[in-house]
Amino acid sequence: MGMSGMMGAMHSFGKDASVVKQRVRPGTTKRMLRFGTPYTGLLTLFLVVVIVDAAVGIINPLLYREIINNGILKGNAPLVIRFAALAAVLGIFDAAMGLGQSYLSSTVGGRVVLALRTQLFEHLQRMPLAFFTRVQTGALVSRLNNDVTGAQNAFTDILSNVVGNSITVLLILGAMFALSWQITLAALILVPLFIYPARFWGRKLQEITREGMDLSSSMNNLMVERFNVAGAHLAKLFGRPADDVKEFATNAARVSDIGVKRAIYGRLFFTALMLTALLSTAFAYGWGGVLAVNHKLDVGTVVAFVAYLARLLAPLAGISNIQVNIMTALVSFERVFEVLDLPPMIQDSPDAVSIPPGPARISFEHVSFRYPKASEVSLASLESIAVTENAPEQTVLFDITFEAEPGQLVALVGPSGAGKTTITQLVARLYDVKDGSVCINGIDVRKARLDSLHKRIGVVTQDAHLFHDTIRANLLYAKPDATEAELNDALRAAQMLPLVSSLPQGLDTVVGQRGYRFSGGEKQRLAIARLLLKAPEIVVLDEATAHLDSESEAAIQAAFETALEGRTSIVIAHRLSTILKADQILVVNEGRIVERGTHSELLDQRGLYSDLYRRQFAQPV
C-alpha cells in the first residue's frame, strides 16, 4: 500500500462527518456539475486514465503469479527475467498513470475554482455599500479563499477518491474473486476492523482540526488587530504589550498542543491502517499457504492475491466514506452559491440609459429614505454577530427637495446625524430612495447605467482612503491612462507636487496601509488630486477640507474654484470659507431641510443656521 493511498484514506476520514446531517438546497448537485461541463473532454480522459491504471494494477499481480508458477518453480530463468522486466515497465507506467490522474483532477479542479472565484469576486464587486457596512470582511475573504478552495478540493476528491477508487475497487475485487472467492470473502471480513477504528480516530481528528482552526482564527485576529497601523498606534498609546503577549502566548501554546495531538492521532490512524494491512496479509498468506501445501491453490496465486489485497484497502477505505466526500463538496459549493444567489440591491434596470457627458443638474424631488434592513442586503452567515431586527423601519430623510444647477456650489450644514452624508450618498446611488426621486439632467438615477453615473461623479470624503500601493497607482485608479504630465498637474493643483517631488521615490512612493505614511491633510490632498484627475461633472465633498490647515485650505479652495468651474458640487463643510462662497446653503436637521438660502439670507432669518454660525463658524473675538 503506497503512502499516497494512506494519506488519501486519512484525508477522507479526517473530514467533518457531521456534514452528512446538513441539508443542501435542491439543485445544488446539478449546479455543481454544471461547473465541470466545459471540461467534459478532460473528465473523459481522466476516466480513461483511471480505468487503464486500474487495469495495470490487475496485470502486475498476475505477472508475479506467472513468475513464481511457471518461472521460479519450473526453473525457467528467461521467463522470470522477461516477466520481471515487464512488471517493472508496468510499474513505471502505473506511476505515470497515477501522476496523470493527479494532473487531470487538479487541472479540472483548478479551472473550476478559477471560474468560481472570479464569478464570486465579480459578484461581490457589484454589491451595494449597505452590504459592506454589515458583513465581516474576514467572512468575505473566507468565502473567496477557504470555501472556494474547499469546493475545489471536494471536486478533486470526488474525481480521484469517489470515481477513481470505485473503479479500482471493482476491478481488484473482480480479480480477487476470480482467484479465490472464499479467501476474498474471509479477507473482507477484516476490513471493518480498520473502518471502525478509522472512523473513531477520524472523528478525533475532526474535533482537533476544528478546535485548531478556531484557535488559529483567534490568534490571527489578535495579530491583525494589533499589527494594523491604527491598532498598533492604540497599543502603543495605552501601553499594554505584556497583556497582549500573554494572550498571544496562551493561544499559541494551545495551537502547539493541538499540533501534537493531531500528530498522535494521525499516527494512530496510520497504525490502524497498517495493522489491518498486516493482519489481512498474514491471514491471506496463512490460509492461502495451507491451501498451497495441500495442493488446492498454487503459490503464485497466493502471492498475487496478497498483492491485490494490499492495493485494495486504501481505495476501499475511501469509498466507505463516500457520503462525507460528496456532502463536503455539496456544502462547500452551496456556501459559495449562497453569496452568488444574493442579488445586488442596487443594479442596472433592464431599461437603463447612460447619462451623457456635459454640465449636470441635480434634482431631489420629495425624497424620503430609510436604510435597508439586514435581510434586504446581507446574509447572517457573513456577519460576525447576526441579530434579528424587530425594530420598526426608521425613516432618516423626509421630503427632501432641492436643485443644484450646473456650476453651482450647494453647501449642506447642520448638526451631526442630521442626514447630510446620506443626501450625498443618494446622488451617487450608493443607496436607493424609498419615495421620490433623485435625477441628473432629468434622468432618475435608478434608470441610469451605474457605470455612466459613477463616471460623472467624483467624491472626496473626510477620511480619505488610499490603497496600500504607490502614489502613482492611487492616482491612476481615477484615470488609468493619465500621463505623467496630467499626474503632476493634478498634484500641483492639490498643492502636493512639491512634497511628492521631494520624496526619494517620487510618484512611486508607497503610501502605506490606508495612507498612514502621510498626515491627514496630505492624504486629503492626494484624494483631491485623484478627484481633479478624474475631472467629473459632479463633485461631492464630504468635509473634504477638514484636515487641512488654513494655508493649505486657501490653496485648495483656489484650485477648486478653477477645477469646479462649470461643474455641479455638493459640499458638506464645517469651514467658513466654503459656506460663504456657496450659491445655496441647505440647513438639514433631523432628516429635513429646515432652512435654505445664501449665507446672508440665512443669517437674517436668525434660525438654526444663525445659531450654528455663531457657535461654530464665527471667528472668536
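Any value given below was found using the heavy atoms of this structure, including those in side chains, with hydrogens, waters and symmetry copies removed. Counting begins at 1 with the first residue of the sequence.
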With heavy-atom distances below 4.5 Å as the criterion, would you say the side chains of Leu42 and Arg111 are in contact? yes
Side-chain contact test, heavy atoms from C-beta onward, threshold under 4.5 Å: evaluate it for Thr107 versus Phe46 and give yes or no. no
Would you mind reporting whether Tyr477 and Asp469 have side-chain heavy atoms less than 4.5 Å apart? no
Interatomic distance, Thr184 atom OG1 to Ile172 atom CD1 [nearest 0.5 angstrom]: 11.5 Å
So, Ser256 side chain and Ala252 main chain: donor-acceptor pair closer than 3.5 Å or not? no
Under 3.5 Å, is there a donor-acceptor pair between the side chain of Ser180 and the main chain of Met176? no
Between His123 and Val339 (side chain of the first, backbone of the second, donor and acceptor by atom type, cut-off under 3.5 Å), is there such a pair? yes
So, Asp348 side chain and Leu450 main chain: donor-acceptor pair closer than 3.5 Å or not? yes
Go through Asp351 and Lys447 one step at a time and tell me if the side chain to side chain contact (heavy atoms under 4.5 Å, CB included) criterion holds. CA-CA 7 Å; Asp351 57 345; Lys447 296 294 184 180; 3.6 Å; yes
Ile59 vs Leu90 side-chain heavy atoms within contact, under 4.5 Å: yes
side-chain hydrogen bond (donor to acceptor under 3.5 Å, both in side chains) involving Asn76 - partner list, sequence neighbours excluded: none
Side chains of Phe467 and Val511: closer than 4.5 Å at any heavy-atom pair? no
Short side-chain to backbone donor-acceptor contact, Asn474 and Thr470, under 3.5 Å: yes
Output yes when Arg311 and Asp94 qualify as a salt bridge under the 4.0 Å nitrogen-oxygen rule, no when they do not. yes
Sort and list the pairs that fulfil salt bridge (charged side-chain N to carboxylate O under 4.0 Å, His left out) and have at least one residue in residues 58-71, not counting sequence neighbours. Arg65-Asp298
Any chance you could measure Leu120, atom CG, to Phe337, atom CZ, to the nearest 0.5 Å? 10.5 Å
Quick check on Arg446: does its CZ atom have over 12 non-hydrogen neighbours (other residues, nucleotides or ligands) under 6.0 Å away? yes
Got Ile346 and Pro344 here, is their nearest side-chain heavy-atom distance under 4.5 Å? no
Got a donor-acceptor contact below 3.5 angstrom from the Asn69 side chain to the Gly300 backbone? yes
For the residue pair Asp432 and Arg429, establish whether any side-chain heavy-atom pair is separated by less than 4.5 Å. yes
Is it true that a side-chain atom of Ser106 and a backbone atom of Tyr103 form a donor plus acceptor pair closer than 3.5 Å? no
Quick check against the 3.5 Å criterion: does Tyr308 have a side-chain atom that pairs as donor or acceptor with the backbone of Ile58? yes
